[in-house]
Amino acid sequence: MNWVILLIAGLFEVAFAFCLGKAKEATGTDMYLWYTGFFICSAVSFILLIKAMQTIPIGTGYAVWTGIGAVGTVLVGIFVFKDPANFWRIFFITTLVGSIVGLKAVTH
């Protein structure tokens with residue numbers, strides 16, 4: 001169950017990065033709403049990370065959490081914010097996903 005919680009924590013990490021991207025594009029009240037979303041998502045992400053780390057080894061859990069956040073944020077950047085999606089970006093994101101899966105596979 002804590003692996004599911006860790007996955008959800010990683011998704012909230014992606015959400016807080018998304019909020020930062022939207023806040024950068026916004027002005028006035030909208031900007032402050034996106035920053036509020038950032039703070040809420042980051043708090044939820046960290047609370048879930050703390051819960052998941054009760055049974056998951058810290059090195060593996062933290063690497064998986066940041067990996068989910070990194071991969072998700074790159075994908076949000078590509079699909080939402082129109083960041084470039086060249087061969088090398090996709091290649092390295094793929095190797096990152098492989099590394100995350102590998103860490104999960106070798107953790108007891």
Side-chain angles (χ1 to χ4, degrees):
M1 183 64 185
N2 281 337
W3 285 103
V4 173
I5 292 171
L6 186 62
L7 172 68
I8 295 168
L11 294 176
F12 271 97
E13 186 182 4
V14 174
F16 78 67
F18 171 77
C19 289
L20 281 177
K22 293 301 280 185
K24 185 174 95 173
E25 296 175 347
T27 59
T29 305
D30 286 344
M31 179 183 65
Y32 293 111
L33 291 174
W34 284 113
Y35 282 131
T36 302
F38 162 78
F39 286 115
I40 291 169
C41 289
S42 61
V44 171
S45 181
F46 282 110
I47 289 167
L48 292 174
L49 176 64
I50 291 166
K51 172 67 178 142
M53 296 300 239
Q54 291 176 348
T55 60
I56 298 171
I58 190 149
T60 302
Y62 186 76
V64 169
W65 178 71
T66 57
I68 292 168
V71 170
T73 301
V74 168
L75 293 176
V76 166
I78 290 170
F79 292 113
V80 176
F81 296 108
K82 307 301 180 211
D83 290 350
N86 60 37
F87 171 80
W88 289 112
R89 285 177 66 105
I90 302 303
F91 173 78
F92 287 117
I93 287 298
T94 303
T95 60
L96 183 57
V97 170
S99 297
I100 293 167
V101 170
L103 277 172
K104 167 67 172 98
V106 300
T107 300
H108 304 307

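Not measured: the values here are computed from a predicted model.
For residues 54-73, every residue pair satisfying the ring pair (Phe, Tyr, Trp, His ring centres under 6.0 Å) rule, not counting sequence neighbours, is listed here: Phe46-Trp65, Tyr62-Trp65.
Partners of Ala26 according to the side-chain contact (heavy atoms from CB on, under 4.5 Å) rule, which considers only residues two or more places apart in sequence or in another chain, are Asp30, Met31, Trp34. Applying the side chain to side chain donor-acceptor pair (under 3.5 Å) rule to Thr66 yields no partners; only residues at least two apart in sequence or on another chain are considered.
One hydrophobic cluster, built from ILVMFWY side chains closer than 4.5 Å, holds both Val97 and Leu7. In terms of hydrophobic clustering, with Ile, Leu, Val, Met, Phe, Trp and Tyr side chains grouped at heavy-atom distances under 4.5 Å, Ile68 and Ile5 are assigned to different clusters.
Across all non-hydrogen atoms, the minimal contact from Val71 to Ile100 is CG2-CD1, 4.5 Å.
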Side chains of residues 52-60: which donor-acceptor pairs under 3.5 Å do they make with residues two or more places apart or in other chains?
{"from": "Gln54", "atom 1": "OE1", "to": "Lys51", "atom 2": "NZ", "distance (Å)": "3.2"}
{"from": "Thr55", "atom 1": "OG1", "to": "Asn2", "atom 2": "ND2", "distance (Å)": "2.5"}
{"from": "Thr60", "atom 1": "OG1", "to": "Thr107", "atom 2": "OG1", "distance (Å)": "3.2"}

Give the table of side-chain donor-acceptor pairs shorter than 3.5 Å for residues 35-44, with sequence neighbours excluded, one pair per line with atom names and distance.
{"from": "Thr36", "atom 1": "OG1", "to": "Tyr32", "atom 2": "O", "distance (Å)": "2.8"}
{"from": "Ser42", "atom 1": "OG", "to": "Phe38", "atom 2": "O", "distance (Å)": "3.0"}
{"from": "Ser42", "atom 1": "OG", "to": "Phe39", "atom 2": "O", "distance (Å)": "3.0"}

Side-chain donor-acceptor contacts of residues 12-19 below 3.5 Å, not counting sequence neighbours, with atom names and distances?
none

Which donor-acceptor pairs under 3.5 Å do side chains of residues 88-96 form with protein atoms, sequence neighbours excluded?
{"from": "Arg89", "atom 1": "NE", "to": "Pro84", "atom 2": "O", "distance (Å)": "2.8"}
{"from": "Thr94", "atom 1": "OG1", "to": "Ile90", "atom 2": "O", "distance (Å)": "2.7"}
{"from": "Thr95", "atom 1": "OG1", "to": "Phe92", "atom 2": "O", "distance (Å)": "2.8"}

Using a 3.5 Å cut-off and no angle test, enumerate the donor-acceptor pairs between side-chain atoms of residues 73-81 and protein atoms at least two apart in sequence or in another chain.
{"from": "Thr73", "atom 1": "OG1", "to": "Gly69", "atom 2": "O", "distance (Å)": "2.6"}

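How far CG of Leu6 is from CG of Leu11: 10.0 Å, rounded to the nearest 0.5 Å.
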